[in-house]
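Before any comments, here is the structure.
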Amino acid sequence: MIRLRVNGTDRSFDGDPEMPLLWYLRDVLGLTGTKFGCGMALCGACTVHQNGDAIRSCVTPMSAAAGSEIRTIEDLNKTGLHPVQRAWMQVNVPQCGYCQSGQIMQAAALLSKKPNPTDQDIEAAMAGNICRCGTYQRIRAAIKAAAEAKP
Amino acid sequence: MIEIVNVSRRGVLQGLMSAGALVIAARFYPESLRAETASRGTHADAATLHANLFVGVNTDGIVYLVAHRSEMGTTSRTSLPLIVADELDADWKKVRIEQAIGDARYGSQNTDGSHSIREFYPAMREAGATARLMLVQAAAQQWSVPASECHTDLHTVVHPKTGRKAGYGELAAAASKLPVPKKEELQFKTRGEWRYVGKGMPSYDLEDLCTGKAGFGMDARVDGMVYASIARPPVFGGKVKSYDDKAALKVTGVRQTVAIDPFQPPPAFQPLGGVAVIADNTWAAMQGRRKLQITWDHGANESYNSDQFKKELQETARKPGKLIRNEGDVEAAFAKGGKVVEADYYVPLLAHASMEPPVALADFRDGKVTIWAPTQDPQGVQETVAKAVGIAKENVTCHVTLLGGGFGRKSKADFVAEAAVLSKKVGRPVKVVWSREDDIQFDYYNAVAAMYMKAALDANGKPTAWLQRSAFTPITSIFDVTAVYGAPRHLQQGWTDVPFDIPNLRVENGPAKPAVRIGWLRAVANIYHAFAVQSFTDELAHAAGRDPLEYLLDLIGSPRILNLKDTNYPNYDASYEAYPFDTGRLRRVAEIAAEKSGWRNRKPRKGIGWGIAVHRSFLTYAASVVQVEVSDKGEIRIPRVDTAVDAGLVVNPESTRAQFEGAAVFGTSIARTGEITVKDGAVEQSNFDDYPVARIDEAPLHTNVYIVDSSAPPAGVGEPGVPPFIPAFCNAIFAATGKRVRELPLSRNNLSA
Ligand code: FES
Ligand code: FES
């Protein structure tokens with residue numbers, strides 16, 4: 001039996017320990033805000049936070065999620081919108097929007113570690129997140145806006 | 001041709017609207033149907049058959065607008081209702097958008113070809129203006145004043161003389177009993193009165209998209225559903241010889257396997273066939289599928305190889321082909337001698353790779369199917385699914401989810417038909433999830449294309465003759481297996497309409513037979529045509545020792561309407577009178593992009609280069625200036641792009657800018673690494689490691705978009721940014737390195753010093 005916390009709720013799982021966290025979140029818990037894009041840690045669509053770090057849930061087996069604290073886009077902020085989400089809306093980042101849960105989770109993790117990221121920090125942190133619609137320049141702008149907006 | 005009817009009492013928006021609500025249906029006839037519909041049946045018949053949108057004003061003042069086109073990031077779901085809301089003088093905060101199911105009464109719902117706004121702009125305006133006038137008339141009646149003395153002010157009808165006011169909600173019931181006013185009575189807002197059109201609004205779904213709440217096809221769920229992963233024949237046209245599913249069935253969560261029949265040629269949008277693994281969750285289905293032991297009969301395409309095919313295609317392009325357009329006599333001009341320049345260009349097969357892979361949920365019961373799918377074409381889904389499961393298309397209900405990108409892939413319903421076929425066999429709702437590998441290997445690829453270009457230059461370096469020949473695997477081959485030539489609607493995309501003022505000009509097209517499914521990808525044939533024409537123009541400028549911008553403007557010549565009368569030129573299904581090819585507008589975007597970028601003051605030096613290109617597609621004129629930095633090792637950075645756009649009237653400038661920013665990134669992906677290859681009949685690439693797309697550190701750092709203020713009718717914005725970007729990028733690389741890119745992708749070119 002695998003135990004973990006998802007968005008503040010204790011959960012247990014007794015299925016295949018090899019099942020990636022992504023499919024547990026999506027198919028078992030119905031938390032569909034976390035997306036499937038490649039299944040091979042190549043695109044970042046499935047990014048969630050594990051103990052505060054951005055991870056790729058598509059290659060994180062349930063056995064590796066055991067005992068940890070998982071946070072998904074649905075619960076990025078306890079109340080209202082996270083500063084990153086507000087910045088994303090202000091800059092009008094999304095086009096189709098499919099990649100954006102992952103982008104936002106990645107950016108939120110970056111800002112929690114580096115509140116004032118440089119251009120290089122942003123590139124390094126975000127290079128694993130593909131946006132096929134090509135919203136990258138707005139992602140940069142939104143991360144900067146979120147950094148400035150932070151108290 | 002548009003007609004508006006009052007359908008308040010027909011219950012069309014039942015469930016959404018309370019009794020007494022005003023509901024207007026606008027029927028829209030495409031040009032091509034005009035003659036036919038004029039003589040057909042009664043108005044009421046026509047209404048229910050052809051209504052393409054509904055405006056509902058509820059008694060509580062909420063305005064419901066039905067979005068009948070799919071949303072995949074271009075904001076058509078927001079921008080079309082915005083036009084209605086503006087003419088209705090509605091408060092956007094009180095507008096709710098409802099996504100339409102697939103239904104022929106809406107007119108065309110196929111969200112493809114960059115024509116949502118263009119095609120529906122007049123209908124949307126009339127629908128809004130009609131509802132507004134009815135509300136005004138209802139108020140005037142109540143107040144016993146002439147309607148002409150009343151006007152609207154944001155969701156309210158006002159009679160200034162008496163100071164009376166009434167909200168739309170209060171008036172809805174009375175308005176719903178009125179006859180629909182004649183078109184001549186409508187008063188459209190003047191440009192200066194527009195609240196939303198031309199100013200734009202963020203996507204209606206913006207907050208949902210930032211909070212994970214937005215519902216994509218991948219997110220569709222219904223009770224009792226099971227998941228499917230399908231092993232498809234690796235070679236196009238192949239089929240299952242035999243299979244062993246013992247190991248697959250042992251995987252925890254796997255329920256059963258189901259064989260899917262191969263398609264009967266022509267393939268069109270039929271499922272490819274194969275073996276499906278049905279399971280309790282996506283992961284179990286994928287694991288089970290990996291454990292299948294399948295022996296394939298690969299069929300006739302087993303010997304197909306991209307390398308070999310490339311050589312054949314290039315040879316074809318060098319030979320005389322079918323005549324597409326001819327002016328003067330190129331051969332006579334070539335015979336006179338002078339400086340002759342020749343070049344071959346090549347663009348490989350390309351995959352769509354939308355972020356959300358194809359996915360669909362189908363529930364077959366009692367001879368009917370309900371679908372939830374990220375489709376660009378819900379009516380196409382109805383047709384394809386109906387055929388696949390042997391029912392009438394009226395018995396297919398297609399709910400359109402948001403699309404996690406489409407780019408043309410999701411207007412083909414093969415993946416939806418798979419779900420329907422499986423649901424019928426399994427007796428439960430089935431969700432078919434394509435892996436990224438499935439998406440890359442079983443796509444409808446953008447055609448592989450070879451272009452041969454030849455020009456003779458006079459003493460000033462100006463062409464006296466221009467010959468262009470192409471060969472590309474035609475999209476029509478999926479509907480007619482014998483098709484080998486480009487269809488007029490694809491040749492028109494930047495080939496037939498080469499816009500240069502050259503006395504001797506000849507356009508040809510040669511045959512090519514594909515061994516994979518060919519389809520349309522964002523900008524389609526414009527991608528390879530613009531690459532060849534605009535790269536060759538740059539080559540000639542350098543051969544002539546001229547500035548590429550000045551030379552390009554010289555070739556375009558004076559402002560005029562291009563005379564294409566003697567060609568087969570569909571003009572993107574728009575009338576040539578309303579949307580002529582105007583070289584003046586083409587010149588202007590090139591000039592604007594150049595000026596804004598600082599083209600004339602640029603200081604090219606080794607490793608830093610600028611390139612320019614211009615192209616008309618989907619009735620929109622676009623030019624890009626791309627700046628690149630290329631290191632000695634051949635690494636490329638794109639610090640800046642300047643794009644000028646003349647798309648006629650632009651409804652939503654903010655989303656239009658976003659589309660052109662995105663197009664530059666899409667073009668970057670095609671140019672840098674876009675290449676699908678086939679070996680022994682099977683596609684070699686499979687995921688973002690071997691089919692890479694541009695990431696944040698590879699994409700242009702900054703793309704500036706300049707929208708030309710225009711009162712011309714609206715044109716496309718989703719696609720036209722892609723074609724000029726790619727040659728502008730490659731021309732910049734030449735300026736930086738002296739290396740001419742004639743074959744895409746760049747990863748095939750050695751750019752190191
Ligand atoms: S789905 Fe996990 S990185 Fe792509
Ligand atoms: S917004 Fe469509 S993939 Fe990023």
Side-chain angles (χ1 to χ4, degrees), chain A residues 15-16 18-20 22-24 26-28 30-40 42-43 45 72-77 81-82 84-86 88-89 92-101 104-105 119 122-140, chain B residues 71-74 202-203 205-216 218-219 221 227 252-253 280-284 286-287 353-357 402-407 433 435-436 654-655 658-659 661-666 668-669 687-689 693-697 699-703:
Chain A
D16 182 357
E18 287 303 302
M19 183 201 257
L22 170 67
W23 298 114
Y24 172 71
R26 289 185 53 84
D27 292 354
V28 181
L31 292 170
T32 54
T34 305
K35 301 303 184 203
F36 165 62
C38 71
M40 283 178 64
L42 295 168
C43 78
T72 70
I73 184 80
E74 285 89 349
D75 196 41
L76 178 57
N77 225 25
L81 296 170
H82 187 277
V84 169
Q85 289 168 316
R86 275 205 297 275
W88 242 245
M89 288 179 65
N92 239 325
V93 176
Q95 286 187 29
C96 82
Y98 191 81
C99 72
Q100 300 297 347
S101 298
I104 288 170
M105 295 307 281
D119 286 348
I122 294 174
E123 276 194 12
M126 303 305 295
N129 289 72
I130 293 173
C131 175
R132 184 63 163 144
C133 296
T135 63
Y136 298 124
Q137 89 184 43
R138 290 178 190 243
I139 288 174
R140 281 175 202 277
Chain B
E71 181 56 69
M72 49 188 166
T74 61
S203 161
D205 304 297
L206 181 61
E207 182 163 344
D208 285 353
L209 293 173
C210 294
T211 52
K213 291 196 191 82
F216 293 92
M218 190 62 84
D219 307 330
R221 292 165 74 89
Y227 298 78
T252 319
D280 294 338
N281 59 63
T282 316
W283 169 248
M286 288 175 169
Q287 286 301 100
S354 55
M355 234 28 239
E356 174 196 45
L402 291 177
L403 282 70
F407 311 121
V433 180
S435 65
R436 178 59 59 195
E654 172 69 357
S655 64
Q659 283 304 301
E661 292 163 15
V665 179
F666 204 86
T668 302
S669 297
N687 208 318
F688 292 122
D689 49 353
V693 297
R695 295 173 181 275
I696 197 167
D697 53 347
L701 194 63
H702 203 83
T703 299

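Labels below follow one simple rule: chain letters A, B, ... track the order of the sequence lines, proteins then strands, and each chain is numbered from 1.
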Could you check which of [options] has the highest count of heavy-atom pairs closer than 4.5 Å to chain B?
{"options": "G15(A), S101(A), A124(A), G97(A)", "result": "G97(A)"}
{"options": "L42(A), I73(A), T135(A)", "result": "L42(A)"}
{"options": "M40(A), R26(A), Q100(A), R86(A)", "result": "R26(A)"}
{"options": "M89(A), E18(A), M126(A)", "result": "M89(A)"}

Which portion of [X] sits near chain A, non-hydrogen atoms under 4.5 angstrom:
{"X": "T703(B)", "value": "both"}
{"X": "A353(B)", "value": "both"}
{"X": "E71(B)", "value": "neither"}
{"X": "T282(B)", "value": "both"}
{"X": "E207(B)", "value": "both"}
{"X": "F216(B)", "value": "side chain"}
{"X": "L402(B)", "value": "neither"}

At a heavy-atom separation under 4.5 Å, does [X] approach chain B through its side chain, its backbone, both, or neither?
{"X": "F36(A)", "value": "both"}
{"X": "N129(A)", "value": "backbone"}
{"X": "I130(A)", "value": "both"}

What is the minimum heavy-atom distance between [X] and [Y], and which atoms define it?
{"X": "W283(B)", "Y": "D27(A)", "answer": "N-OD2, 4.4 Å"}
{"X": "A694(B)", "Y": "Y136(A)", "answer": "O-OH, 2.6 Å"}
{"X": "C210(B)", "Y": "I104(A)", "answer": "O-CD1, 3.5 Å"}
{"X": "N92(A)", "Y": "P202(B)", "answer": "OD1-CB, 3.7 Å"}
{"X": "G404(B)", "Y": "C96(A)", "answer": "C-SG, 3.5 Å"}

Are any non-hydrogen side-chain atoms of [X] and [Y] less than 4.5 angstrom apart?
{"X": "L206(B)", "Y": "P94(A)", "result": "yes"}
{"X": "T252(B)", "Y": "M19(A)", "result": "no"}
{"X": "T211(B)", "Y": "L81(A)", "result": "yes"}
{"X": "D219(B)", "Y": "K35(A)", "result": "yes"}

Problem set entry | Donor-acceptor pair, side chain of R140(A) and main chain of I696(B), under 3.5 angstrom |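 Checking the backbone N and O of I696(B) against the side chain of R140(A), a donor-acceptor pair under 3.5 Å is found.
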Problem set entry | R132(A) side-chain N/O to S354(B) backbone N/O, donor-acceptor pair under 3.5 Å |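 Judged by distance alone, no pair lies under 3.5 Å.
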Problem set entry | Which of M72(B), M286(B), E654(B), K213(B) touches chain A most, by non-hydrogen pairs under 4.5 Å |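 Most heavy-atom pairs under 4.5 Å with chain A: E654(B).
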For this session: Pick whichever of Q659(B), E661(B), Q287(B), H702(B) has the most heavy-atom pairs under 4.5 Å with chain A.
Result: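 Winner by heavy-atom pair count: E661(B).
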Problem set entry | Residue from C133(A), C38(A), C99(A), C131(A) passing side-chain contact (heavy atoms from CB on, under 4.5 Å) with M355(B) |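 Between M355(B) and the candidates, side-chain contact (heavy atoms from CB on, under 4.5 Å) is satisfied uniquely by C99(A).
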